[in-house]
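Before any comments, here is the structure.
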There are 2 protein chains.
Amino acid sequence: MENSHAENVAPNVYAAVCPSREVLALIGEKWVSLVIGALDQRVLRFGELKRICEGVSQKMLTQTLRKLERDGLVCRQAYSDELVMRVEYRLSELGQTLVPVVAAMKLWAEANLKAIEQSRLEYGGGA
Amino acid sequence: MENSHAENVAPNVYAAVCPSREVLALIGEKWVSLVIGALDQRVLRFGELKRICEGVSQKMLTQTLRKLERDGLVCRQAYSDELVMRVEYRLSELGQTLVPVVAAMKLWAEANLKAIEQSRLEYGGGA
DNA sequence: CTGAATCCCGGCGGATACTG
DNA sequence: CAGTATCCGCCGGGATTCAG
């Protein structure tokens, strides 16, 4: 009852103004899928995450994690009272629901890499 | 037998140099998932595709379609002998295997939009 | 170790004009 | 209708430096 207004329409990524597009863009961001996949079933420290996601810069990893934290996909836990700084990251419940999606993306990418490379060769060479 | 070399390792998106990362990036590109989803189960003309993917510029749609064609995900069919120019696009077999993946991305984005927006409010307001 | 702050460049991507 | 070509702003994202 409380929302019989215009904003109560079903989200649709094909609509130009729908904010769900932003969420779709989030999934596709360069390091998001890797971070989500890395945190599947385990808690990782910043440094571990950085080593796992080969090539990620400190800046981008921090930036990605902040965004994921803000969006409620990952939880950040800092231990300041230790000898050395220690921060752990884990998936939230919401974040876990994204795991199958990014896993599918990863699987598809790895499985069809050869076919795509082959197609590129034929596309360039066949012309 | 012909490939017992170093290149015969399993693709892994977490490896810095693995080309599967490029494929993963492809899936995440701004208009790719929308185009793939739009072409699911049907053949569409350029203009139709452009109207469906609201907000896409002519340049980006062309660019996206060219890339997808080159990678063997979509097939392009031009009919030059018509009164007016007419070009149709459809998914290739390879492209069809990507449909479930992008569908999952779309579903997740639309389904969890509210939760994410809520999380953002709490993140900003709770501080 | 974790992270904030800057500098800076390549290129994504939109707007516009032109072609077949 | 379906592109190609050009100009250009914006920002993603890397390298580096500084701080707690």
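Numbered from 1 within each chain, the chains take letters A, B, ... in sequence-line order. Side chains included, hydrogens not; waters and symmetry mates left out as well; all remaining heavy atoms used.
Fit an axis to the five pairs at each end of the helix from C:dC1-D:dG20 to C:dG20-D:dC1 and the two axes sit 40° apart, to the nearest 10 degrees.
B:Ser33 places none of its side-chain heavy atoms less than 4.5 Å from the side chain of B:Ile27.
Side-chain N/O atoms of A:Gln58 and base N/O atoms of C:dA4 include a donor-acceptor pair closer than 3.5 Å.
For A:Glu82, the CD atom counts as densely surrounded, since its 6.0 Å shell holds more than 12 non-hydrogen atoms of other residues, nucleotides or ligands.
In this structure, B:Leu61 atom CG and C:dG14 atom P are separated by 11 Å, rounded to whole Å. What separates CZ of A:Arg21 from C1' of C:dG13 is a distance of 14 Å, to the nearest Å. Taking atom NZ on B:Lys67 and atom C1' on C:dG11, their separation rounds to 11 Å, with Å as the unit. Following rounding to the nearest Å, A:Phe46 (CZ) and C:dG3 (P) show an atom-to-atom distance of 6 Å.
Distance from the side chain of B:Arg66 is smallest for D:dT4 among the nucleotides C:dC1, D:dT4, D:dG14. Set against D:dG14, D:dG20, C:dA17, the side chain of A:Met85 has D:dG20 as its closest nucleotide. Nearest to the side chain of A:Arg45, among D:dG3, C:dC1, D:dC1, sits C:dC1. Side chain of A:Lys59, nearest nucleotide from D:dG13, C:dG3, D:dA2: D:dG13. Distance from the side chain of B:Met60 is smallest for C:dG14 among the nucleotides D:dA2, D:dG13, C:dG14.
Nucleic acid contact for B:Tyr89: sugar-phosphate only, since backbone atoms but no base atoms lie under 4.0 Å from a heavy atom of the residue.
B:Thr62 and B:Gln58 form a side-chain donor-acceptor contact under 3.5 Å, judged by distance and modelled atom types alone.
Relative to the six-membered ring of B:Tyr79, B:Arg86 meets both conditions, a distance below 6.0 Å and an angle of at most 45° to the axis.
A:Lys67 has a carboxylate O that lies under 4.0 Å from a charged side-chain N of A:Glu29, or vice versa, which qualifies the two as a salt bridge.
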Side chain to side chain contact (heavy atoms under 4.5 Å, CB included) evaluation trace for B:Asn12 with A:Glu110: CA-CA 6 Å; B:Asn12 173 18; A:Glu110 294 172 351; 3.8 Å; yes
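Take the nearest nucleotide of DNA chain C for B:Gln63 and for A:Thr62: the residue whose nucleotide is more 5' is A:Thr62.
B:Ser119 pairs by the side chain to side chain contact (heavy atoms under 4.5 Å, CB included) definition with nothing, not counting sequence neighbours.
At the phosphate of D:dA2, neither OP1 nor OP2 sits under 4.0 Å from any side-chain N or O atom of B:Arg76. Distances shorter than 4.0 Å separate none of the side-chain N or O atoms of B:Lys50 from OP1 or OP2 on D:dG3.
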